[in-house]
2 protein chains.
Amino acid sequence: MLCVVKSTRWLSDDEQKVWRTYLLANQLLWAALDRQLQRDAGMPHAYYMILAMLSEAPNRELTMSQLARMVGSSPSRLSHAVSRLEQTGWVRRRKHDTDGRTTVASLTDDGFAVLAAAAPGHVDEVRSILFDPLTPEQVEQLGEIVAAIVAPHNGRVPHV
Amino acid sequence: MLCVVKSTRWLSDDEQKVWRTYLLANQLLWAALDRQLQRDAGMPHAYYMILAMLSEAPNRELTMSQLARMVGSSPSRLSHAVSRLEQTGWVRRRKHDTDGRTTVASLTDDGFAVLAAAAPGHVDEVRSILFDPLTPEQVEQLGEIVAAIVAPHNGRVPHV
DNA sequence: CGATGATGGTTGAGCGTTCAACTTTCCGCC
DNA sequence: GGCGGAAAGTTGAACGCTCAACCATCATCG
């Protein structure tokens, strides 16, 4: 008779250590990133990403759906976020011309200015925490590793 | 005359790609982890870590400070979390015997049971998302990479 | 002994996120 | 044309986290 009960393969000591250190590194990274962005731009990283994606889009505007997919957030989360960004005057909402369901978010000049002001500090932070401590080979290895992690979920970006 | 204005070293295309993919991989990981834990144990990952650290501690109890350091959270965050875990009956608070300032949190039997029930699924999830897609060499490389990222912040765990 | 600062912890308000409804608009098809 | 379902967004409540303020207790040193 086949045993159909899947027994758990626990983590080896090495894996355990990698996992815990990974968690720590992540905490480090997010803490630094969010602190820096909150201080210099008055917004969390998720909001920065929204502005960044909009700034790179043609005419600096995107559908809510497109935007949600690009920053990997749920429709609800994005809607709340854009509402807040609208209050600060960095993003505007308007109805789509032809499709009555969709609304398109556009980056205002104020929003772009804030983004431009925050970008250098943000890049410096990413560099100093993630890239500077690594050798060029390690950066390359990291690239392959994250690619391998993302690969199985081909395209399907989860709603965080 | 020396130029003291630090000009930003922008990310190269390769670095940009690594960074974006890293963000994506992270989203993937946290989304899956939090979804699984929320579904199977009814708690976020931060709470799981609290229970896990307590379960490994002698007599399954730890000072709030110790606990906060181990899970890398601020005193405030931990206090709120433990309050909540107390309401569900998974953790108990009591005053320290000799030092009147410190309070010690202890894992209840219910809390241990919940943790034990959630652990296998959690480990499976970590394995299937992080370790399974990687070759043994890549796991080793990842270990060195995260170690290199953590190293500069020697011991100083940030309050997330 | 008493003042001073350090240590350990809690609290409340505000913000961001999630989750489950819900509305509106569009599409396909009888 | 009208009906059922899919697609696009929004909303409100509950929850977790942050930040600043705060309280209590210990340690030190004059």
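Just so it is clear: chains get the letters A, B, ... in the order the sequence lines come, proteins before strands, and each one is counted from 1.
- Here D/dT18 presents its P atom at 16 Å from NE2 of A/H45, a figure rounded to the nearest Å.
- Residue A/A81 is out of contact with every strand shown, counting any heavy-atom pair closer than 4.0 Å.
- Put simply, CG on B/L78 is 14 Å from P on D/dG16, counting in whole angstrom units.
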### Task
Begin with the C-alpha distance, continue with both residues' side-chain angles, and end with the deciding distance and a verdict on side chain to side chain contact (heavy atoms under 4.5 Å, CB included) for A/H45 and B/L23.
CA-CA 11 Å; A/H45 183 255; B/L23 288 177; 4.1 Å; yes
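- Atoms NZ (B/K95) and C1' (D/dT25) sit 9 Å apart, rounded to a whole Å.
- Positionally, the nearest nucleotide of DNA chain C for A/A46 lies more toward the 5' end than for the other of A/D99 and A/A46.
- Contact annotation for B/T63: backbone-only contact, meaning every heavy-atom pair under 4.0 Å involves sugar-phosphate atoms and none involves a base.
- Proximity of a side-chain donor or acceptor of A/Q27 to a complementary backbone N or O of B/V71 within less than 3.5 Å is detected.
- What separates CE of B/M49 from P of D/dC17 is a distance of 13 Å, to the nearest Å.
- Going from atom OH of B/Y47 over to atom P of D/dA14 covers 16 Å, rounded to whole Å.
- If you measure from atom CZ of A/R101 to atom P of C/dC27, you get 6 Å, rounded to the nearest angstrom.
- Along DNA chain D, the nucleotide nearest B/G42 and the nucleotide nearest A/T102 are compared for position; the residue whose nucleotide lies closer to the 5' end is A/T102.
- Here the rule is side-chain contact (heavy atoms from CB on, under 4.5 Å) with A/L67, and of A/I50, A/V104, A/V91 only A/I50 fits it.
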### Query
What's the verdict on side chain to side chain contact (heavy atoms under 4.5 Å, CB included) for B/R20 and B/K17, showing C-alpha distance, side-chain angles and the deciding distance?
CA-CA 5 Å; B/R20 294 254 166 122; B/K17 192 172 174 208; 5.9 Å; no
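- Base engagement by B/S79 is indicated by at least one non-hydrogen atom pair under 4.0 Å involving a base atom.
- Taking atom CG on B/L85 and atom C1' on D/dG16, their separation rounds to 12 Å, with Å as the unit.
- Under the 3.5 Å distance criterion, the side-chain polar atoms of B/R69 are left unmatched by any main-chain donor or acceptor of B/M64.
- Donor-acceptor pairing under 3.5 Å is recorded for the side chains of A/Q36 and A/D40.
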Nucleotide N/O to protein N/O under 3.5 Å, stretch nucleotides 19-22 of chain C:
| from | atom 1 | to | atom 2 | distance (Å) |
| --- | --- | --- | --- | --- |
| C/dC19 | N4 | A/S76 | OG | 2.5 |

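- Atom P of nucleotide D/dG9 and atom CD of A/E86 are separated by 14 Å, given to the nearest angstrom.
- Checking side-chain atoms of B/Q66 against main-chain N and O of B/T63 turns up a donor-acceptor pair under 3.5 Å.
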